[in-house]
Amino acid sequence: MKLAFDCMAASCDDYRHLAERRLPRFLFDYIDGGAGEEQTLAANCRDFRHVHLRQRVLRDVDQPDTRCELIGQAASMPLALAPLGMAGLYARRGEVQAARAAATVGIPFSLSTVGICPLAEVQAASKQPCWFQLYMLRDREAVLGLLHQAAANGCDTLLFTVDLPVAGIRRRDIRNGMLDPGWQGKVAKALQLAQRPGWLLDVGIRGKPHHFGNLADRVVNPNDLRAFKAWLDAQFDPCVTWDDIRWLREQWKGKLILKGILEPDDALQALECGADGIVLSNHGGRQLDGVASSIQQLPAVAKALDQRLPILLDGGIRSGGDILKALALGAQGVMIGRPWAWALAAGGEAAVVRLLAGLHCELKVAMALCGVNRLEQIDHRLVGAALDQRG
């Protein structure tokens, strides 16, 4: 499949192909890849295909309405942009462009702690407060500093990632030299960069600075991404427990969403710790390869929580029909990561707006053909096959 322009893209996969053509290989693989043999990465999308929607006819489905609230924030549809590290390398000042696109469409945008653009820059460019994503770092003073920074910039929703006590093994990043600090890695990346002169000019030169904007005060030379990575790798804390989440709940007065919950027992622990919501996620298949897909885990987690805590599902969403399936199986909304990164790399802010408009249209069409025109009408009766019954 060859697309000349991003405006001709009709699906998430179309944007993926465009991103692959426009990004240096190591950056495309960083977005696109998963952990280990990428079994979970594949399952996240594959398992959606085993959930069948029920087509219903002769229902009044005029003017479908997808408006909702996601963790207290008004949204045009039950979708939010997930936090992505280094999105400012996918397009020039990428986080700013994505935040503006989200505001245009009317959905939440989540900024990663390891985004290229700092929170203040993103907030200044957007018409709405963004959600801020954070890890538990060994340096608790750094955590408190980031919490203060988020609150000072108007963020009232914290996405706290809990499934990264250590980084997963991502083989694509090893193969393409991204993680090699030696001369072989430098040569490999230089050759990949040379094949993308358009990216080099637009993002590599005009998109500077290329440091992690929210952490610029944590290393001596903020322009040295390798120094940043070394500092961050040393900061991941494998000793974090639920007691630390209770401590975090005491420190953060805004809404707290725990991202990376996959099992019913952990979802109940999140409820007990005072979380305002969870993101049901396996980190896009980038952490522990071989775990279940997010959509496969959703019914059991939804049953355990019994509507006591909002669930956002992350992983494998590639169409409006997928959004409908997630809602029917118990989620209150979904998050997308790779799709908006692919669109951003393909055509910047305008392409992200087109992607989101396409997903919105697909959701409304799927709702109409399933015989509903309001989100509150969506439940398990709209799906016709349980995940555990597939062959």
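Atom OG in S294 sits 12.5 Å away from atom CG in L329 (nearest 0.5 Å). Put simply, CG on L89 and CZ on F26 are 8.0 Å apart, with the number rounded to the nearest 0.5 Å. Interatomic distance, NZ of K325 versus SG of C370, reported as 9.5 Å (0.5 Å rounding). Taking CD of E376 as the start and CG of L327 as the end, the distance is 11.5 Å to the nearest 0.5 Å. Between the CG atom of L248 and the CG atom of L158 there is a distance of 6.0 Å, given to the nearest 0.5 Å. Here the straight-line distance linking atom CZ of R21 with atom CZ of R196 works out to 9.0 Å at 0.5 Å rounding.
Looking at heavy atoms from C-beta onward, C130 lies out of side-chain contact with P108 at the 4.5 angstrom threshold. Annotation: side chain of I245 is in contact with side chain of F160 (closest heavy-atom distance under 4.5 Å). Here the side chains of P24 and Q195 are not in contact, with every heavy-atom distance at 4.5 Å or above. Within the 4.5 Å cutoff, the side chain of F109 has heavy atoms near those of the V122 side chain. L258 places none of its side-chain heavy atoms less than 4.5 Å from the side chain of V279. Taking 4.5 Å as the limit, some side-chain heavy atom of L146 sits within range of a side-chain heavy atom of L137. When side chains are defined from C-beta on, L84 counts as touching W340, because their heavy atoms get closer than 4.5 Å. Side-chain contact between F236 and V166 is absent, with no heavy atoms from C-beta onward closer than 4.5 Å.
Within a 6.0 Å radius of CZ in R138, more than 12 heavy atoms belonging to other residues, nucleotides or ligands are found. No more than 12 heavy atoms of other residues, nucleotides or ligands shown are found within 6.0 angstrom of CD1 on I169. Heavy-atom contacts from other residues, nucleotides or ligands closer than 6.0 Å to CD of E272 number more than 12. In this structure, R56 places its CZ atom where only 12 or fewer heavy-atom neighbours from other residues, nucleotides or ligands lie under 6.0 Å away. No more than 12 heavy atoms of other residues, nucleotides or ligands sit less than 6.0 Å from atom CZ of R67. Other residues, nucleotides and ligands place no more than 12 heavy atoms under 6.0 Å from the CD atom of E37.
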Using the side chain to side chain donor-acceptor pair (under 3.5 Å) rule, take E20 and W342 through it: C-alpha gap first, then chi angles, then the decisive distance, then the call.
-> CA-CA 8 Å; E20 187 174 16; W342 294 328; over 6 Å; no
Steps toward side chain to side chain contact (heavy atoms under 4.5 Å, CB included) verdict (M77, C68) | CA-CA 6 Å; M77 58 177 158; C68 63; 5.8 Å; no
Could you go step by step and tell me if N373 and Q63 meet the side chain to side chain donor-acceptor pair (under 3.5 Å) rule?
-> CA-CA 7 Å; N373 62 0; Q63 298 181 349; over 6 Å; no
After noting the C-alpha distance and the side-chain angles of Q128 and R100, does the key distance pass the side chain to side chain donor-acceptor pair (under 3.5 Å) rule?
-> CA-CA 9 Å; Q128 62 183 15; R100 285 199 300 247; over 6 Å; no
S76 and H360: side chain to side chain donor-acceptor pair (under 3.5 Å), yes or no, with the steps?
-> CA-CA 9 Å; S76 63; H360 195 186; 4.7 Å; no
Can I257 and W131 be said to form a side chain to side chain contact (heavy atoms under 4.5 Å, CB included), step by step?
-> CA-CA 10 Å; I257 308 171; W131 296 356; 4.1 Å; yes
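Here R338 does not pair with D32 in a salt bridge; the nearest charged N to carboxylate O distance is not below 4.0 Å. R246 and D243 are joined by a salt bridge, as a carboxylate oxygen and a charged side-chain nitrogen come within less than 4.0 angstrom of each other. In this structure, D237 pairs ionically with R140, as a charged nitrogen and a carboxylate oxygen lie closer than 4.0 Å. Ion pair K255/D276 not flagged as a salt bridge, since none of the NZ, NE, NH1 or NH2 atoms sits closer than 4.0 Å to an Asp/Glu carboxylate oxygen. No salt bridge links R308 with D306; every basic N to acidic carboxylate O contact stays at or beyond 4.0 Å. Using a cut-off of 4.0 Å between Lys/Arg side-chain N and Asp/Glu carboxylate O, R172 and E38 are scored as salt-bridged.
Under the 3.5 Å distance criterion, the side-chain polar atoms of Q377 are left unmatched by any main-chain donor or acceptor of V372. Under the 3.5 Å distance criterion, the side-chain polar atoms of D379 are left unmatched by any main-chain donor or acceptor of A328. With hydrogens and angles ignored, the 3.5 Å screen pairs a side-chain donor or acceptor of S110 with a backbone N or O of L81. D322 places a side-chain N or O within 3.5 Å of a backbone atom of R318 that can act as its donor or acceptor partner. The main-chain N or O of G207 is found under 3.5 Å from a side-chain atom of R93 such that the two form a donor-acceptor pair. No donor-acceptor pair closer than 3.5 Å links the side chain of D47 to the backbone N or O of R49. Panel note: side chain T161, backbone K259; no donor-acceptor pair is recorded below 3.5 Å. Using modelled atom types, no side-chain atom of Q133 and backbone atom of L159 make a donor-acceptor pair closer than 3.5 Å. A distance-only check finds no donor-acceptor pair linking the side chain of S112 to the backbone of P83 [under 3.5 Å]. Checked by atom type and distance alone, the side chain of E95 pairs as donor or acceptor with a backbone atom of I116 at under 3.5 Å.
D163 and N282 are not linked by any side-chain donor-acceptor pair at a separation below 3.5 angstrom, with hydrogens and angles left out of the test. A donor atom on one side chain and an acceptor atom on the other are not found under 3.5 Å apart for Q235 and D139.
The only option from L298, V291, L288 that meets the side-chain contact (heavy atoms from CB on, under 4.5 Å) definition with L262 turns out to be V291.
Because its NZ or CZ atom is both nearer than 6.0 Å to the ring centre of Y30 and within 45° of the ring axis, R286 counts as a cation-pi partner of that residue.
The two atoms that bring D14 and M8 nearest to each other are OD2-O, 4.5 Å, heavy atoms only. When every heavy atom of A341 is checked against every heavy atom of I31, the shortest pair comes out as CB-CG2, 3.8 Å.
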